[in-house]
Q: 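The structure that follows is given in the form of structure tokens.
In the text below, chain A, chain B and the rest are named by the order of the sequence lines, each starting its count at 1.
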Protein chains: 2
Amino acid sequence: MTLPVFDAAAIERAVTSRLVLDTVRAALIAHAEGRTSVPPPLHLDFPEADGDCHVKAGRIAGAADFTVKIATGFYGNPARGLPANHGLVCVISARTGAPRALLDDRGLLTAWRTAAAGALITHAMARPAAGTLAVFGTGEQARLQALWLAGLRPLGPVLVHGRTPDKARALCEALAAHGLAARPAAAAEAARADMIITATPAASPVLDAAMVRPGAHVTGIGTDMPHKNELPPALFHRARLIATDDHAQCLDHGDFGHAVRAGSAAEDADIAAGLLLKAPVDRPDTAITVADLTGVGALDAALASAVLRRLRE
Amino acid sequence: MTLPVFDAAAIERAVTSRLVLDTVRAALIAHAEGRTSVPPPLHLDFPEADGDCHVKAGRIAGAADFTVKIATGFYGNPARGLPANHGLVCVISARTGAPRALLDDRGLLTAWRTAAAGALITHAMARPAAGTLAVFGTGEQARLQALWLAGLRPLGPVLVHGRTPDKARALCEALAAHGLAARPAAAAEAARADMIITATPAASPVLDAAMVRPGAHVTGIGTDMPHKNELPPALFHRARLIATDDHAQCLDHGDFGHAVRAGSAAEDADIAAGLLLKAPVDRPDTAITVADLTGVGALDAALASAVLRRLRE
């Protein structure tokens, strides 16, 4: 029997945001409770082509499948009219080791699980009455974070802050097409929103901690490598509650790690994000809360497995 | 466009032993000359299913493609009528990062490149007049090593040594079907052959070093993990020439490493196997020579790329 391959179009047709949110919630909880296993990733560099390849594996204890995810980024591609990123997820039986299917998803599942994790955590940690959202960044994740959060709670105006005005305007139009009121905003205005999500590749903080208002919640999505840093250490110092999706990973290469190394947060100041999804979060209305999400490989396993089940139904 | 998947039958139809030997020879030379890159593999354990998963990547400098190879071993499968091993090779463009094809080869390419490497090195290091071959082990690799070496030089009788007499007899019959004279032999007799290839999962040496005759060549194939050990340290002490397919790897988890740790060989006593394929090997007729092969990821990349080219022709 030939191994079945499902392409991005088939995956998009089969999957609902409900499936993604439910799966990611359960996987984040499993990860927080130590029921996942995620070995160190494999990494290959292609300096002559400005490219890299990361291979990540993940599994959830007791699950029927595990996954191996291959992701490449070749940053000279766009200049040649090609996408910079490619992705491929191999779903393998955890009972027999036999490959079950390939999801030629071009990074779609990674984008969705990242968006779902950000939306779930932001919704869980923000004040129930919080309405205004600011997104820092104008890329695909900035768009998805706003849309998926809008699926979880009513949003007031969405403020979009980006370095390139054209891109900020384009994102506002894309959000408007989904019924969200959105407009470009300066960093100072965006920093005063009820909820702030940063989804940039920034190498130095995009947010002025002093401008963040009491009662605000901030989720950082973009810091997934040691040289990146979106959220300032001073924000962690002000925060009453700090959530990380993976303690060791956020300490190693997340915004939380930058804050700890700067002396602005204790190494054990964080709580596992998944635990905050189990029950309403106890947070005073005037507290600042922060979530640092670096991406958890076990989410890939859970989502790919759920998507494959749906594709086969 | 859907990612093309080629199964084992298509690969077997397209590939010749000549293609495999030429590709593996060139890749071993490239590896010896430092023109390959092989990051540390990714590893996942499934203790409850007696299984494991290894993911290896490899590339050859300047090549158009690289590969990510996923291999699983679930050792309870045979009792349920399933194969223990599964394999899948993803061929990816080293120029754009785009996946080009999947080779659902069930481990075939790994078996072939291992057999080709063993045959090439054994042929290069053995005396030109060496004729008798002994294989220790009765599995698929023992069979392939004998057959592929027979394609490179005329063989006298093949002596097969295995712990299970029935399996040794079955391998002799399989070799006879390919025109090779083969018979089961005790370890003491097998150890006195001109050429010895060990292809077992042994955790302690299968060969008595004192019985190996001057002028013999020994190639060890099976020691690919720290707890395995086929060749005795004393054999390395007697050897005039020691080849390793990857110095660091053989030192870490090959028979060569056992010999170095036992004080029977100096840490720098070995030469890169690939270098011995470039010109006739200078070896006295009375010398003992040894090759320790632990498997090189870059061979996977080279072979998968060559096979894909042939499949597309």
Side-chain angles (χ1 to χ4, degrees), chain A residues 1-10 37-46 48-59 61-62 66-77 80 82-88 90 92-100 102-104 106 297 301, chain B residues 1-10 37-46 48-59 61-62 66-77 80 82-88 90 92-100 102-104 106 297 301:
Chain A
M1 198 199 65
T2 307
L3 193 68
V5 178
F6 298 98
D7 65 12
S37 113
V38 184
L42 183 156
H43 179 254
L44 209 53
D45 266 322
F46 300 83
E48 73 288 0
D50 193 15
D52 55 43
C53 174
H54 293 264
V55 183
K56 293 180 181 173
R59 65 180 300 223
F66 69 101
T67 57
V68 175
K69 182 173 87 166
I70 302 170
T72 60
F74 277 63
Y75 305 101
N77 282 358
R80 290 182 284 164
L82 299 170
N85 296 98
H86 287 90
L88 194 63
C90 184
I92 303 169
S93 164
R95 311 271 153 80
T96 68
R100 295 189 58 217
L102 262 134
L103 306 180
D104 183 13
R106 297 167 192 237
Chain B
M1 196 201 65
T2 307
L3 192 69
V5 178
F6 297 98
D7 64 12
S37 114
V38 184
L42 185 156
H43 179 252
L44 208 54
D45 267 321
F46 300 83
E48 74 287 3
D50 192 14
D52 54 43
C53 174
H54 293 264
V55 184
K56 293 180 181 171
R59 66 178 300 224
F66 70 101
T67 57
V68 175
K69 181 173 88 166
I70 303 170
T72 60
F74 278 63
Y75 306 101
N77 283 357
R80 290 182 285 163
L82 298 170
N85 296 97
H86 287 89
L88 196 61
C90 184
I92 304 170
S93 164
R95 312 269 152 81
T96 68
R100 297 189 57 218
L102 263 136
L103 306 180
D104 184 12
R106 296 167 193 236

Q: Between D52(B), D50(B), V55(B), who has the most heavy-atom pairs with chain A when the cutoff is under 4.5 Å?
A: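 Of the options given, most contacts go to V55(B).
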Q: Could you have a look at G51(B), A57(B), G58(B), A98(B) and say which one has the most heavy-atom pairs with chain A under 4.5 angstrom?
A: A98(B)
Q: Please report the closest heavy-atom contact between G87(B) and D104(B), naming both atoms and the distance.
A: O-OD1, 3.9 Å
Q: Which is it for L103(B) and L88(B) under the side chain to side chain contact (heavy atoms under 4.5 Å, CB included) test, yes or no, and what are the steps along the way?
A: CA-CA 6 Å; L103(B) 306 180; L88(B) 196 61; over 6 Å; no
Q: Answer yes or no: is there a side-chain heavy-atom contact under 4.5 Å between H86(A) and N77(A)?
A: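 When only atoms from C-beta onward are counted, N77(A) and H86(A) do touch, with a gap below 4.5 Å.
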Q: Among H43(A), R80(A), R95(A), K56(A), who wins on heavy-atom pairs under 4.5 Å with chain B?
A: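 Highest number of heavy-atom pairs under 4.5 Å: R95(A).
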Q: Which atoms form the tightest heavy-atom contact between S93(A) and F66(A), and what is the distance?
A: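 Between these two residues, the closest heavy atoms are O-CE2, 3.7 Å.
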Q: With respect to chain B, which residue among A49(A), P39(A), S37(A) yields the maximal number of heavy-atom pairs within a distance under 4.5 Å?
A: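 When all of A49(A), P39(A), S37(A) are compared, P39(A) has the most.
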Q: Need one label for D45(B): side chain, backbone, both or neither, based on atoms under 4.5 Å from any heavy atom in chain A.
A: backbone
Q: Mind ranking T96(A), L102(A), V5(A) by heavy-atom pairs under 4.5 Å with chain B and telling me who comes out on top?
A: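 Highest number of heavy-atom pairs under 4.5 Å: T96(A).
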Q: Could you look at Y75(B) and say if it's the side chain, the backbone, both or neither that has a heavy atom under 4.5 Å from chain A?
A: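 Nothing of Y75(B), per the 4.5 Å heavy-atom cut-off to chain A.
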Q: In terms of heavy-atom pairs under 4.5 Å with chain B, which of P40(A), A10(A), G97(A) leads?
A: G97(A)
Q: Taking side chain as everything from C-beta outward and backbone as N, CA, C, O, which of these in L82(B) sits under 4.5 Å from a heavy atom of chain A? Side chain, backbone, both or neither.
A: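 For L82(B), the contact with chain A is made by the side chain alone.
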Q: Tell me the closest heavy-atom pair linking P41(A) and L42(B), and the distance in Å.
A: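 For P41(A) versus L42(B), the nearest heavy atoms are CA-CD1, 4.1 Å.
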Q: For I70(A) and C53(A), work out which heavy atoms get closest and say how close.
A: CG2-SG, 4.0 Å
Q: For the backbone of K69(B) and the side chain of T67(B), can you confirm whether one donor and one acceptor N or O come within less than 3.5 Å of each other?
A: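 Such a contact is absent between T67(B) side chain and K69(B) backbone.
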